[in-house]
There are 2 protein chains.
Amino acid sequence: MGKSTTERDQGAVAAPEAGRPTLKTIAFMTGLGVTTVSRALKDAPEIGEETKKRVQLVARQVGYRPNRAGVRLRTGKTNVISLVLNTEDQIMGFVSDIIYGISETLAETPYHLIVTPYSSKKDPMEPVRYVVETGSADGIIISRTQPDDPRVRYMTERGFPFATHGRTHMGLDHPFHDFDNYVFGIEAVRRLVSLGRSRLALLAPPSTLSYHHHTVNGFADGLSEASVTEFPHNTISIDDSIEHIRARTTQVMRRANRPDGFVSSAGAATLALVAGIEDAGLAVGKDVDIVSKQSSKLLHLFRPAIQVVNEDFRLAGRELARCVLGSIAGQTGPALQSLSRPSGVEAYEEPVSFGTPTPQAAE
Amino acid sequence: MGKSTTERDQGAVAAPEAGRPTLKTIAFMTGLGVTTVSRALKDAPEIGEETKKRVQLVARQVGYRPNRAGVRLRTGKTNVISLVLNTEDQIMGFVSDIIYGISETLAETPYHLIVTPYSSKKDPMEPVRYVVETGSADGIIISRTQPDDPRVRYMTERGFPFATHGRTHMGLDHPFHDFDNYVFGIEAVRRLVSLGRSRLALLAPPSTLSYHHHTVNGFADGLSEASVTEFPHNTISIDDSIEHIRARTTQVMRRANRPDGFVSSAGAATLALVAGIEDAGLAVGKDVDIVSKQSSKLLHLFRPAIQVVNEDFRLAGRELARCVLGSIAGQTGPALQSLSRPSGVEAYEEPVSFGTPTPQAAE
DNA sequence: GCAGAAATCTGTAACGTTACAGATGCTTGC
DNA sequence: GCAAGCATCTGTAACGTTACAGATTTCTGC
């Protein structure tokens, strides 16, 4: 029962122990020390070439996978990304696409994706604070970004890695991915104008969110470009209920000097918009034209006359994951900032002042 | 530098150490041993009442949160639920609703939700095997359940807790939540019949999935009830592309003896169906009626004439989380099995043979 | 031949938690 | 007075990993 009396007894690791293989298992099998095995598996320079090969071979053979709890406890690294989501958000699920996009990028890494939801009735800071304070993830992805976002401030102050879906205008240089809603706004107006429309209304995102402003600015610049007037439709936003959007739109469309063109920032809201228009006895493509963003490609089934602009949320997910991984790796700057257009993703070039982002149009 | 020479030196814990509070911190503050603190926080009987109160007070004050890695390493318990998802799945995002539902239930527990995706091009077993083998979660939720599902067999054999969205017919008694698609099928037919329709077609889920059979059986029983004929439309399923469904439907609707009623198992597919019908120059609510399931409440905006049946995926998420938690807690049997109807959830009463589930209709 | 460097390997300790097997002191019974 | 029992509390070890500070051996220069 005593220790084996073999002369080379020092390096010998105690027990084989069935179950999931650990470093100890491999150490036992190779006759090496646990430390050596650990270092060998991460290709450390102070381990002999042949030893590394041998260890890595054995590890592969037995299907070794580092124990996450062990690593996490020792190093503090969780290998987890947290996606913070508003649970009242987003009917018609662009959420699943973002998740799939993130997953695609994370698939080639040791990272897992955990979803941390919050109710919009509660404090949006709460989930962020939870993750940061408990260290339950290495990085956070947030959406519904605001121009002056307390979450961004909080994480920046603490040096906690994150990426935002949407830009801020806080003078902070942080990782983000965003759809260029300025371009969307201006292009949408151009398209409506080219269809002969001249009294244009915008169904915008809620005014608390950054992309509200981008969209509004693009829309406004489009209007002045063509010397066309805006029809104010800003008592509602795409976050309002279907019923509300519908009813309000009907009201508006019954006025004498009603709008003849709409720009809508969300697919589901567009459905309500169309319903409201039709409730007023008017027809899309005839009495009125609509340019709408959409994530799923369903609007043209709904009313073929709707002009659609696709926003690829799976792409956004991939980009956001890339950004947050970069942030975790300590990178900063423009490499972690990107804008996407209907046509694709582009690097975010010059940090322009908020309000006139990337004035050049997509082509 | 030597140990303090206070007489009562035994119980004294070494250092305060700034940062996140641990058991050690509380032990130091209370003058108790780490073990005592640990036991006190979980209300163990061998700890004095007053001590427990004191420890719990201090813990609350300093905002103590057990270190997940520590617990996980020591006990093997991850406090994680894994949701396994097919990334090609489900346009129009019922996925987000399921996630939100699960989150609602998990919110009151220490559990986190991690999303483990797989591509449908790959082996659906792979993510399940990964989670089970690496022990990266305490329980798994799967969807796209098949009548004879290898994942269910695998997890059952290994005694790994799980819940399925959808039933199996493997003679295994496992936790599940399901929508009663038999009732949907039969009720859908009844509704079409009551609208005077008699040549009915079913746009069903793919035949590999369990709920295909439930739906088909309900549909068939509805037909024979009313002595109405089926119009075979089974070369396509709701998993086919929008374009494919649309084109195929148009073909079918151009035949002389075309169907005059449709039952559709998914909202997005219904959009394609309608497009196909209209491509053939026919109108929903006039030439043809449709009864469709939907998760988001958007179909009535699309074509008000569509008869809709709502499937609440947020509810499904809540139920699935409840089931898998029960499974983790060692529960078994009917308490972890539930069916939902448009009207709500019901316990799954008698284990009926596959093919004739819960024949009583919702009322 | 030998000091010293280089190359390669090693054990120990620690991360925070809990199972386990005691300790300690106070009652109780007789 | 004291054994036995009880109520409370305790330290140690272990989960799997890695940082650290050595060990050991071999190679080099002179």
Side-chain angles (χ1 to χ4, degrees), chain A residues 3 7-15 17 19-28 30-55 59 62 64-79 110 134-136, chain B residues 3 7-28 30-55 59 62 64-79 110 134-136:
Chain A
K3 283 184 177 179
E7 57 173 12
R8 187 166 167 72
D9 188 68
Q10 347 143 329
V13 174
E17 314 249 342
R20 207 151 84 86
T22 69
L23 290 180
K24 211 158 139 186
T25 316
I26 301 175
F28 181 80
T30 54
L32 296 165
V34 175
T35 303
T36 312
V37 174
S38 172
R39 310 283 298 125
L41 285 176
K42 35 179 66 70
D43 238 352
E46 72 265 32
I47 305 294
E49 271 317 315
E50 206 219 282
T51 307
K52 282 198 252 186
K53 291 259 180 297
R54 201 156 58 93
V55 169
V62 300
Y64 170 77
R65 308 246 196 185
N67 180 304
R68 306 191 123 237
V71 175
R72 180 163 169 178
L73 183 57
R74 177 65 239 239
T75 64
K77 190 142 201 301
T78 62
N79 284 312
T134 65
S136 55
Chain B
K3 283 185 176 179
E7 56 173 9
R8 185 165 169 71
D9 189 65
Q10 347 144 328
V13 174
E17 314 248 343
R20 208 151 83 85
T22 69
L23 290 180
K24 208 157 140 188
T25 317
I26 301 175
F28 181 80
T30 55
L32 295 165
V34 175
T35 303
T36 312
V37 174
S38 172
R39 310 281 300 126
L41 285 176
K42 34 179 66 68
D43 238 352
E46 73 265 30
I47 306 293
E49 271 315 315
E50 207 219 280
T51 308
K52 282 198 250 185
K53 291 259 180 295
R54 202 158 57 93
V55 169
V62 300
Y64 169 76
R65 306 247 199 185
N67 179 304
R68 306 192 122 234
V71 175
R72 180 163 171 178
L73 183 56
R74 179 65 240 241
T75 65
K77 189 142 200 304
T78 62
N79 284 313
T134 65
S136 56

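Below, read A as the first sequence line, B as the second, and so on, with proteins coming before strands; counting in each chain starts at 1.
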Gap between atoms [atom1] and [atom2], on [X] and [N] respectively (whole Å):
{"X": "B:L23", "N": "D:dC15", "atom1": "CG", "atom2": "C1'", "result": "15 Å"}
{"X": "A:N67", "N": "D:dG16", "atom1": "CG", "atom2": "C1'", "result": "5 Å"}
{"X": "B:L73", "N": "C:dA13", "atom1": "CG", "atom2": "P", "result": "18 Å"}
{"X": "B:R20", "N": "C:dT17", "atom1": "CZ", "atom2": "C1'", "result": "12 Å"}
{"X": "A:F28", "N": "C:dG11", "atom1": "CZ", "atom2": "P", "result": "14 Å"}
{"X": "A:K53", "N": "C:dC9", "atom1": "NZ", "atom2": "P", "result": "13 Å"}
{"X": "A:I47", "N": "C:dA7", "atom1": "CD1", "atom2": "C1'", "result": "10 Å"}
{"X": "B:E49", "N": "D:dC9", "atom1": "CD", "atom2": "P", "result": "10 Å"}

What pair of heavy atoms forms the shortest contact from [X] to [Y], and how long is it?
{"X": "A:R68", "Y": "A:T78", "answer": "NH1-O, 3.5 Å"}
{"X": "B:N67", "Y": "B:R20", "answer": "CA-NH2, 3.7 Å"}
{"X": "B:V71", "Y": "B:P66", "answer": "CG2-CB, 4.2 Å"}
{"X": "B:A59", "Y": "B:L41", "answer": "CB-CD2, 3.7 Å"}

Inset, instruction - Would you please name every residue forming a side-chain hydrogen bond (donor to acceptor under 3.5 Å, both in side chains) with B:T134, sequence neighbours left out? - result: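 Residues passing side-chain hydrogen bond (donor to acceptor under 3.5 Å, both in side chains) with B:T134: B:S136.
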
Inset, instruction - Take A:A69 and B:T35, find for each the nucleotide of DNA chain D with the closest heavy atom, and name the residue whose nucleotide sits nearer the 5' end. - result: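 The answer here is B:T35.
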
The side chain of [X] lies closest to which of these nucleotides: [options]?
{"X": "A:Y64", "options": "D:dC15, D:dT8, D:dT17", "answer": "D:dT17"}
{"X": "B:K24", "options": "C:dC9, C:dC15, D:dT18", "answer": "C:dC15"}
{"X": "A:L32", "options": "C:dT18, C:dC9, D:dT18", "answer": "C:dC9"}
{"X": "B:K42", "options": "C:dT18, C:dT10, D:dC9", "answer": "C:dT18"}
{"X": "B:E46", "options": "C:dT17, D:dT17, D:dC9", "answer": "D:dC9"}

[X] side-chain N/O to [N] phosphate OP1/OP2 under 4.0 Å:
{"X": "A:T51", "N": "C:dC9", "result": "yes"}
{"X": "A:K52", "N": "C:dT8", "result": "no"}
{"X": "A:S38", "N": "D:dT18", "result": "yes"}

Inset, instruction - Look at the side chain of A:R74 against the base of D:dT18 and say whether a donor-acceptor pair falls under 3.5 Å; ignore hydrogens and angles. - result: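 Under the 3.5 Å cut-off, the side chain and the base do form a donor-acceptor pair.
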
Inset, instruction - Indicate yes or no: does B:K52 engage B:E49 in a salt bridge with an N to O separation below 4.0 Å. - result: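 Salt bridge flag = yes for B:E49 with B:K52.
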
Legend entry - Nearest-nucleotide comparison on DNA chain C, the residue closer to the 5′ end among B:R68 and A:R39: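 That would be A:R39.
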
Inset, instruction - Just call it for B:T22: base, sugar-phosphate, or nothing, with non-hydrogen atoms closer than 4.0 Å on any strand. - result: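 Sugar-phosphate contact only.
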
Legend entry - Sugar-phosphate only, base, or nothing, as touched by A:T75 at under 4.0 Å among non-hydrogen atoms: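 Since only primed, P, OP1 and OP2 atoms lie under 4.0 Å of A:T75, the category is sugar-phosphate.
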
Legend entry - Difference in axis direction between the ends of the helix from C:dG1-D:dC30 to C:dC30-D:dG1, five pairs, 10°: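 For the helix from C:dG1-D:dC30 to C:dC30-D:dG1, the axes at either end differ by 50°.
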
Legend entry - Beyond-backbone contact of A:Y64 with A:T25, side-chain heavy atoms, under 4.5 angstrom: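 Not touching, per the 4.5 Å side-chain cut-off.
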
Inset, instruction - Would you mind reporting whether A:N79 and A:K77 have side-chain heavy atoms less than 4.5 Å apart? - result: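 Side-chain contact under 4.5 Å: yes.
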
